[in-house]
Amino acid sequence: MLSTILNVFMYHRVLPDVHSDAVSVELFRRQIAFIQDRYRLLSGAEVVEFLSGKNTFEGPCAALTFDDGWLDNWLFATPVLVERRVPAILALITGNLHDSPVRQDVSCRIARV
């Protein structure tokens, strides 16, 4: 029996400013710091090990996931994750790789990479 609980924090969008469908970059940065202070953040491979019973981890664990493959996940969330050295699982919509436009909206047009 596993004694560790795995919490999963799912994000949809991260944008430079407040948006009804997203968290701002500043709020995201604060949330990541809060989560990082309280949980051992697992990589995708570690989540698989945990769920398959191949590995258990001490203390509270968490994973970060991003759904829907929006461009802002890469433009705005990823730099914060890299800066804080936080692993995350980003969903890619592979069926749209070659035949669809980039999933973005007007909020991403101000992006500076």
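In what follows, residues are counted from 1 in the order of the sequence shown. Owing to the predicted nature of the structure, the values given are computational and were not obtained by experimental measurement.
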F28 and F66 aromatic ring geometry - parallel, tilted or perpendicular at 30°/60° bounds: perpendicular
S43 versus P87, closest heavy-atom pair with distance: CA-CB, 3.7 Å
Side-chain (S52) to main-chain (E49) donor-acceptor, under 3.5 angstrom: yes
Cluster link V48 to L51, ILVMFWY, side chain under 4.5 Å: no
Pairwise side-chain contact, R40 with E58, heavy-atom cut-off 4.5 Å (strictly under): no
S24 side chain near D17 side chain, heavy-atom distance below 4.5 Å: no
hydrophobic_cluster_shared for M10 and V23, side chain cutoff 4.5 Å: no
Spacing of L90 atom CG and D67 atom CG [to the nearest 0.5 Å]: 10.0 Å
Single-linkage hydrophobic cluster V14~L27, side-chain heavy atoms < 4.5 angstrom: yes
pair R13-F76: side-chain heavy atoms closer than 4.5 Å: no
Donor-acceptor contact below 3.5 Å, side chain R85 vs main chain L81: no
Nearest heavy atoms of L15 and A22, plus distance in Å: CD1-CB, 3.7 Å
Close side-chain approach of L64 to I89, heavy-atom, < 4.5 Å: no
Qualifying residues under salt bridge (charged side-chain N to carboxylate O under 4.0 Å, His left out), relative to E83, sequence neighbours excluded: R29
Close side-chain approach of D72 and W74, heavy atoms under 4.5 Å: no
side-chain contact (heavy atoms from CB on, under 4.5 Å) partners for R84, two or more places apart: I32, A33, Q36, V80, V86
For N7, side-chain contact (heavy atoms from CB on, under 4.5 Å) partners two or more places apart: I5, F9, Y39, A62
Donor-acceptor contact below 3.5 Å, side chain N73 vs main chain H12: yes
Point-to-point distance, once rounded to the nearest 0.5 Å, from CZ of F50 to CG of L42: 7.5 Å
